[in-house]
2 protein chains.
Amino acid sequence: MATLKQVAAHAEVSVQTVSNALNAPHRLRPDTLQRVTRSIELLNYRPNRNARSLRTSAVELIGYCVPSWPDGQAHLVMDQFLHALCTAAETSGRHILLFTAPTGVDGMLVYDDLHARRLVDGFVLSQTETHDPRHGWLKEQQIPFVSFGRVWKESTQPGPWVDVDGAAGCAAAVRHLYETGRRRIGFLSWPKISGLAEDRLSGWRTACRELGLPHDAKLAVRCPEDTIDAGAQATAELLDADQPVDAIVAISDILALGALRELNRRGLRAGIDLGITGFDDSPLASVVSPALTSIRQPMDQIATELIDILTGPATDATGNGDTRPSTERLLEPEVVIRGSSGPG
Amino acid sequence: MATLKQVAAHAEVSVQTVSNALNAPHRLRPDTLQRVTRSIELLNYRPNRNARSLRTSAVELIGYCVPSWPDGQAHLVMDQFLHALCTAAETSGRHILLFTAPTGVDGMLVYDDLHARRLVDGFVLSQTETHDPRHGWLKEQQIPFVSFGRVWKESTQPGPWVDVDGAAGCAAAVRHLYETGRRRIGFLSWPKISGLAEDRLSGWRTACRELGLPHDAKLAVRCPEDTIDAGAQATAELLDADQPVDAIVAISDILALGALRELNRRGLRAGIDLGITGFDDSPLASVVSPALTSIRQPMDQIATELIDILTGPATDATGNGDTRPSTERLLEPEVVIRGSSGPG
DNA sequence: CTGAAAGCGCTTACAG
DNA sequence: CTGAAAGCGCTTACAG
């Protein structure tokens, strides 16, 4: 492996000049730059990142904790998210370092260690939970981070975040179903009350109200778990009611698949007799028939914003200016229309 | 951040002794060790990894290229694999660095760069394809790597690998179905001929032959794509044949889900009227009803073996001893029995 | 525009 | 068992 010194000797300049050729080429005279560049190519020189990091104390590595399954819904799009995150990181010359950690506050030792030993510059958090302790802790330690997902139920959100407007997504799904002629739209939700679920539910409720559609509590079913079975059962309820629904907005693709199955069982046709939509546009959505209309989170944009915020000018690195507003970005999801919600 | 020097001053020893306390504690006298350890704790010292790596030229980081979807089957268990890989890496004091690269030989520039700039010590490869160029290239460059999955159709497999015995898995599924009384077992396969598909198919064929069951070509259907629809259609074929099958071994969970749907549509009960098995034990398997019997790859063991091989004594670092056999580990998958193949 | 020198925080032969 | 010293390969004020 060639070193800076060898390149310098070869190009007959000082190491400083070679370093500048790489990091501040405008400082060199064109002819010098060209000569150095030639030597770099000839010797196939690659700067040693460890040496650079030792000097600059920046590793250009971003930590991401791989969520441990079983977590239900989220991991069906995890590879999409990771791919987007990697790509965004690489665009800014960085990479993603993966690690595992216990959930809750116990895991913070791992985060702290990774940062203290300078394996990473900062963290991207996801799988944010209601009352997630990580954000507050990292902020207190002044360790750079950005969160995908808000910490719900907190009076103040610690630190910067990027999130998708679930309410807007569900509202858009309702409007889409309305436009295809549906007038009684049910909602399939999750069991435990979470900020995420309430957010999406509220979007359904608001849109129905605005369109003059029914939106009473009976139309929103909390499924006991995020499975196809539970989705099918809840769908059966909604179909067997005195006034059956003619469309269903599901809070996840899995539940929507359950709805699809129940329709199938009854000889009803999704997209014709009823409209069905899911959430996440997971790989499953395009694998069923009719394919599932689903609400897609803009993964690439999410990832880009996350990296932008994390690598941008430090929000609060000094500890002063604490009152400065955190960086917060709420992105719009998109309804990907497929067969299950009709031709429109 | 405390440094080695500061700890040394605090403990009133040389930096060398502190370093030894961390890396070779047996060299210190117990009382010295204790004193140093106390100083380390008091100052909350964490060794700077970049400095260490610069010195030792080992970064303790393993590169893994995130596969770009859509790739069909594999990404449903990607998070399981990543989690296992991370855990195994951490057990050996290492971490996973994620990156993206173009497929094929173009991507090798990325691999080379990552290694040359010392961002990683080596690579774990997965999504191995027939005629995958990466293995040969990395071997030639003497860049450490280990592959999850064999390069099929090569006369000699370049470099060490870990793989799962797909044939054994499918054979086990056939035997399991036989034990639950099935006597005419179909096979659902993929469109393009790949080493992976042929391997699994051969397991079905061999087991059927050994049990005296039919295994003619008509019983093995190549689905045009890895979707629920395709699986359902192929299942319909197998059921409408002159001699209908009473069980189906599917090469993927998705295809098995298609089989389940087709049975459902016909009023047939999986696990009672027919036995169905999938492959990969993806999150989907436990989310349907009846839950899907599926062949599970031992992810934790795979990951452990991969890291063991990669971090073990260099197989061929010197370039001599080229004839030494590569490290190769073929692991047994496990049939996870659920409702879709009957109570047994 | 270019160069000589110090230093980032470790580890590792080498002496004592 | 312990210590003084060199060096891993860079970057960065500081002079010239």
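Numbered from 1 within each chain, the chains take letters A, B, ... in sequence-line order.
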What is the distance from [atom1] of [X] to [atom2] of [N], rounded to the nearest Å?
X      : N      : atom1 : atom2 : answer
B:L4   : C:dT11 : CG    : P     : 7 Å
A:R27  : C:dT2  : CZ    : C1'   : 11 Å
A:Q16  : C:dT2  : CD    : P     : 10 Å
B:N48  : C:dC8  : CG    : C1'   : 8 Å
A:R49  : C:dC10 : CZ    : P     : 20 Å
A:K5   : D:dG7  : NZ    : P     : 9 Å
A:R35  : C:dC1  : CZ    : P     : 14 Å
B:R118 : D:dG9  : CZ    : P     : 11 Å

Given [N], is OP1 or OP2 found less than 4.0 Å from the side-chain N or O atoms of [X]?
X     : N      : value
A:S53 : C:dC8  : no
B:R55 : C:dT12 : no
B:T3  : C:dG9  : no
B:S19 : C:dT11 : yes
A:R52 : D:dT11 : yes
A:N50 : D:dG9  : no
A:S14 : C:dT2  : no

* Asked: Just wondering, are more than 12 heavy atoms of other shown residues or ligands nearer than 6.0 Å to CD in A:Q34?
  -> no
* B:Q141 atom CD: more than 12 heavy-atom contacts under 6.0 Å ->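 Yes, the 6.0 Å shell around CD holds more than 12 heavy atoms from other groups.
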* Which part of the nucleic acid, if any, lies within reach of A:S57 when heavy atoms closer than 4.0 Å are counted: base, sugar-phosphate only, or nothing? ->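 Here A:S57 touches no strand at all.
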* Asked: So do A:R52 and A:P47 actually touch side chain to side chain, heavy atoms under 4.5 Å?
  ->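 Side-chain contact under 4.5 Å: no.
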* **Residues A:T128, A:S147; criterion side-chain hydrogen bond (donor to acceptor under 3.5 Å, both in side chains); working and verdict** => CA-CA 7 Å; A:T128 302; A:S147 170; 3.2 Å; yes
* Could you say whether A:L54 or B:L33 is positioned toward the 5' end of DNA chain D, judged by the nucleotide with the nearest heavy atom to each? => B:L33
* To do: Starting from the 5' end of DNA chain D, give me the residue, B:N20 or B:A51, whose nearest nucleotide shows up first.
  => B:N20
* Across all strands, who's sitting opposite C:dA15 as a Watson-Crick or G-U wobble pair, both distances under 3.5 Å? -> D:dT2
* Counting side-chain heavy atoms from CB outward, which of D:dT12, D:dT2, C:dC10 is closest to A:T56? -> D:dT12
* Structure fact -> Given the options A:E90, A:R94, A:H95, A:S92 meets side-chain hydrogen bond (donor to acceptor under 3.5 Å, both in side chains) only with A:R94
